[in-house]
Amino acid sequence: MDEKNRPLILVIEDNDDNRRLVIKVLGSRDYEVVGVTDGRQALARLDSIRPDLILMDINLPDMDGYEVTRQIRRQKDFAQLPIVALTAHAMVGDEEKSLAAGCNAYITKPINVRTFPQTIAAILKEHRS
Amino acid sequence: MSLRERERIIDFNPRYLLIAGISVSYLLFLFAVAYYADLRKLRGKSLVDNPYIYALTLAVYCSSWTFYGSVGEVTNTGFKFITIYIGPTLTAFAWGFILRKMIRISKENHITSIADFISSRYGKCSYLGALVTIFAIIGIMPYIALQLKSISSTFELLTHPELRPGLQTLAAIPDASYQGHPFYLETAFYISLVLALFGALFGARHLDASEKHEGMAAAIATESIIKLIAFFAVGLFVTYGLFGGFKDILSRIAHHEIYRELLLINTSAANSYQSWFTTIILSMAAIMFLPRQFHMAVIENQREEHINKAMYLLPLYLFLINLFVIPIAFGGLLEIGGPSSIADNYVLTLPLLHSQQSLSVLAFIGGLSAATGMVVVSSVTLSTMLLNNLIMPLLLILKVKADLSFWLIHLKRLGILLIILLGYLFFRIIGDSYMLVNMGLISFSAAIQTAPAIIGGLYWKKGTRHGAIAGLTFGFNFWFYTMMIPSFVYSGWLPGSILTKGPLGLWWLNPIELFGLTGFDFYSHSLFWSLSSNIMAYLAVSLIGSQDEIGRRQAERFVDVFKPTIDRFVQEKRYANFPALSELEKMMARFIGKRKAHTTLVNFFATSDYTDKLAQMNDQQRMQLAAEVEKSIAGAVGSSAARIICDTYMKALGSEMENVFDIFGKISLSLEASQEELQQRIKELSVLYEASRMVASSLDPKQVMNDILDLLVDKFRIDNCSVRLLDRDGMLRIKAQRGLRPEFVKNSERQPSMECYSGECFLTGKVIHVSDAEKIDKPVSTNLMTGQGIKSFVQAPIFSEKEIIGVLSASSMKEKGYFSDKFIELFKTLAQQLGVAIGTARLYDQLARFNKQLEIKVAERTIALELKSIELGQANTELKELDRLKSEFLANMSHELRTPMNSIIGYTQLLIDGIDGPINEEQKKSLETVERNATNLLALINDILDLSKIEAGKMTISLAPISFETVLDETLTTLFPLFEHKQQHFSLKKEESLPEVIGDPEKLRQILINLLNNAIKFTDTAGEISLTAEVFRGALPPGLDPEKHYLAVAVKDNGIGIKTEDLERLFGEFIQLDASSSRKYGGTGLGLSITKRLVEMHHGIIQVDSRYGEGSTFTFFLPLAEEEEGEMKKVS
């Protein structure tokens, strides 16, 4: 697959292990993956990165994922950007909270490495169409 | 027989018989008139009921003293005689008020005589009545004698022509000459008897002296006409027969040397201005206060309005009868001459001198009329006075107990006879003395002594009994001393030195110059002393002294007789133990006869059936009845005697007058005013009461009771009063009191019984009034009452609603009969209001107590509730906090577990999948073990979270009609790899087109996964697993709604099965039947527990049927959607 045509995924994850895992899983498939550790970095670099999809951890330092999502949504350019909440918050109501903050999808940890890339692909595909 | 001896002796010469016959015929004529008048009265057509007859009867004033004496008087003092008639004329003008008042009073009080009038006015004082009677008899008796003498002497003149023309006068005959003849030979004696008979027949026809004697009045009126006609006839004869009219006679006298002086005034002491004045005054009084004048004017008066005509008719009569006095007198002087004793007979002697027989007989009849009229009326009057004011009181004092009704009438007749015979006796004894001749004015002087007492009594309420007694006593004594004593001297019975040197030589006691008073004529001197001392004594003693009850009452009755609507029975007294009506009737009958007694009662009650009326009468009515009874008796025996009779009789019957304390203060004005005052007071009381009642509604009963008692003490001067209330233990106790001794209060405590008055009052609910505590018949009460010194008391029940709760008592230590009817009425009301007040107060008290209890209870509950609420709130907060903490904990735990699990599982899978490079088979197996255990751990975490959610009620389920088939298909798709993995055979049996069920797809999926997972887990490789889904048609197991239809889903395996004893706890938490199975089969042990709860959240149930070693069947039921029912039935 052409380097330039690979979708660019921004992973916002403060837990290094989990960020690296996602990068590894997606990077080993047809995705370009950039990882940041907090919301501020993400917001600061969003314009330069211009991802095709964001994987958003919710439990982030300083600014939680909901707030980061809301701030991204306020920027015109990223109003339609697919944001997928990837979180260990798997309690009742957590999914709704994420969607309300502006996420397009909600995936609970732990992820299934074998199915995860397909899931992302499905979301991207759905979004493009 | 000498001339002197034959005088006045009955002989039977024809002339004597003729004159006697004429006289008797005339008297018979009068009898006939009187009888006819009485007859007319019986028929109800009164003959005398008109003002003319009334005026004529008043002309009884003109006695023989007028008929003969006036003429004689002219020869002495000229025109002065006219004063005797000027007086009455002047008085007549005042009759409109004085006489009318006397009449009204006398009628209302059944007055019988002037003595009775005075006695009645001054408290029905019998002493006063007796006093006046005695004085009247002394004053009048000689006057009667005078009349007898005139009849007797004129009779002699007519029957003995040899005595004419009068040179041998009566005066010329020595007194001693009478002594020689026995009285039964004297004409005068028989005349007296005839007159007495007349008086007895017509003056004492009825027992009731206050009733009219119409027959007598008619006879008197007739006589007045006769004497006027006679005198007029003689006058005309003398003036125009013998002379040429008035002018002729008067001019002759004017030219007569001696007699012309008679035309002048103030020629001598007897003709002085002073004496004119005196006689006018005396005659002014005489026309009213001579007993006979009083009788005719007041007692015999038919109607008050007759006064109006009599006021000018009597003066007219007096004018007419005196018209010819001057001509006759002067004519007599010119024709006959001689002293006044001869002149007295000119009326008779002038016609005789000129042989006018019939005229002289007419003149004689005229004189006879004048004399008999006076004698009859006076004797009747005096007899009444004698009987009522002297004899009756005496009889009563002597306690003569006989049926007096028979005796009274006869006593009265006897009295008349006695008076006339006394007059005759006087005539015999005194003879032709100075005194007899001047008896007219002497009587007048006596009569005027009653004037102060009467006039004062009519207009001055403060005139007292003692004042009247003092005045009369002084008056009469001075009268006697200054008039009678000199008369005795002039008559030769006392030494003349008395009048020259004074008695016993004491000059200042000279009866005609008393205390050195000179310059007055004889009558003026006497009048001055007697009347001035009389008036002074009356005024002074009245002003100094005070009156008793009855005196005050009588004064009011007399003075205020014209005050409108006066209830003259202002209650000041009342009777304790009023006698039975039959007793009263009996008592009255003794004095006035049975018939009249009965009529009196009939009239009083306005019904003849009055026997049972007594009980209905109040004190006032009883007083009225007693007064009526007394009055009716007074009509017969006079007021003072009647009073004594009633008092003693009542006493004898056990009935006593007792004072009614004037509880409402002195009622001094008319009762109208006092009634207003009374109403005002009652109003005040009501207001006061209203106030205290209002106070009561917010205060305790004690306060109310005290207020009322204070009110009683303050306003009614009640000595002691109390409120008894019934306590819960059934004892009547004094709760509040004023003026009672402590031992009384202590001893009064008892259960209500009829033994004591308070008990009786309490039990009967009636007001009890005892006016004399000495006469009570309850021994228990007697001790208490007398111990306390109570004289009278009243007790009224206190009602609250309709229940008697106590007794209000008041008593007096001052007086018996302290409590009047009016007060008792008020007292009753007070008790009622007290009851209301106490009731209200008690109710309020109860309410307040109840309220308080309620408040306490409410407060208690509130506190308890608040505490509980706080507890609950706390618990709730705690629970919420706990819940929150738990949720937070679970969320955190979940999060904190998942985060590392993400890395564990993720990296393991990466390794296994060889993304970081190839690994050998052994390494791969190890990593797969890691992955499997990590996944199990994750499942456990998920189950725990699910269960927690269910337990906390946080598991939300959204039930809706859904297609079970769709859910089943999706679930089976995910599970097929597992069947394949264990090479198990799975078979699905379901009906074509299953109906929709009510469910939540997610939860149903979880149920299916759990059950199928278990089947896979506990069934060996190559085992058989089946799922059956069908609409259940058999008998529904318990726990399901029989009205609904269910889908039955059964998952069956031929795995290890479950032991029967383990089936019960199969659905518990963390159950894996064999501890080792966990290791062998994996799983959290929460699966079935969660499944069961999920099924139940669908309103379904789950069952298990299993045989150990053979396999298990789990069946769950889901309710079908209702709208599918119809279709479902079609299918079936």
Side-chain angles (χ1 to χ4, degrees), chain A residues 9 11-31 33 35 37-38 55-61 64-66 84-99 105-122, chain B residues 883-884 886-917 927-928 930-958 974 977 1000 1002-1003:
Chain A
I9 309 290
V11 179
I12 307 168
E13 171 68 74
D14 64 324
N15 186 297
D16 293 342
D17 293 342
N18 285 334
R19 188 176 67 249
R20 281 197 289 114
L21 177 69
V22 172
I23 291 170
K24 205 163 195 171
V25 170
L26 293 180
S28 65
R29 304 292 170 96
D30 295 327
Y31 296 100
V33 185
T37 57
D38 58 59
L55 288 173
M56 178 78 74
D57 184 20
I58 297 298
N59 198 20
L60 291 170
D64 66 17
Y66 304 128
V84 177
L86 181 63
T87 177
H89 288 302
M91 302 302 285
V92 174
D94 286 342
E95 185 177 359
E96 286 76 8
K97 270 184 181 173
S98 303
L99 298 180
Y106 166 80
I107 296 168
T108 55
K109 295 171 185 173
I111 56 169
N112 189 328
V113 172
R114 293 176 192 113
T115 58
F116 187 64
Q118 284 87 343
T119 308
I120 294 301
Chain B
D883 195 50
R884 193 185 63 79
K886 184 179 162 191
S887 297
E888 208 176 284
F889 168 76
L890 287 173
N892 286 342
M893 194 186 74
S894 159
H895 186 269
E896 297 310 315
L897 285 173
R898 278 171 191 271
T899 304
M901 285 301 285
N902 194 35
S903 291
I904 294 165
I905 294 170
Y907 283 106
T908 307
Q909 286 177 341
L910 278 179
L911 290 174
I912 293 169
D913 292 354
I915 289 171
D916 289 332
L927 286 171
E928 279 172 352
V930 172
E931 189 195 357
R932 191 181 67 241
N933 281 293
T935 309
N936 274 345
L937 181 58
L938 190 64
L940 176 66
I941 291 164
N942 284 339
D943 281 356
I944 287 170
L945 287 177
D946 280 351
L947 198 65
S948 307
K949 283 178 201 167
I950 294 167
E951 293 253 289
K954 289 221 168 166
M955 175 73 82
T956 54
I957 181 166
S958 50
T974 60
D1000 180 332
E1002 274 309 309
K1003 308 295 187 264

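A, B, ... follow the sequence lines: proteins, then strands. Residue 1 opens every chain. Values reported hereafter were calculated over all heavy atoms of this structure, with side chains retained and with hydrogens, waters and symmetry mates removed.
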Rounded to the nearest 0.5 Å, what separates atom [atom1] in [X] from atom [atom2] in [Y]?
| X | Y | atom1 | atom2 | result |
| --- | --- | --- | --- | --- |
| A:T37 | A:D16 | OG1 | CG | 7.5 Å |
| A:H89 | A:Y66 | NE2 | OH | 5.5 Å |
| B:I905 | A:R114 | CD1 | CZ | 10.0 Å |

(request) Pick one of side chain, backbone, both or neither for A:N112, based on which atoms fall under 4.5 Å of a heavy atom in chain B. (result) both

(message) With a 4.5 angstrom heavy-atom cut-off, is it the side chain or the backbone of A:D17 that approaches chain B, or both, or neither?
(response) both

(request) Counting only heavy atoms closer than 4.5 Å, note whether B:I912 contacts chain A via side chain, backbone, both or neither. (result) side chain

(request) Would you please say whether a donor-acceptor pair under 3.5 Å links the side chains of B:S903 and A:N18? (result) yes

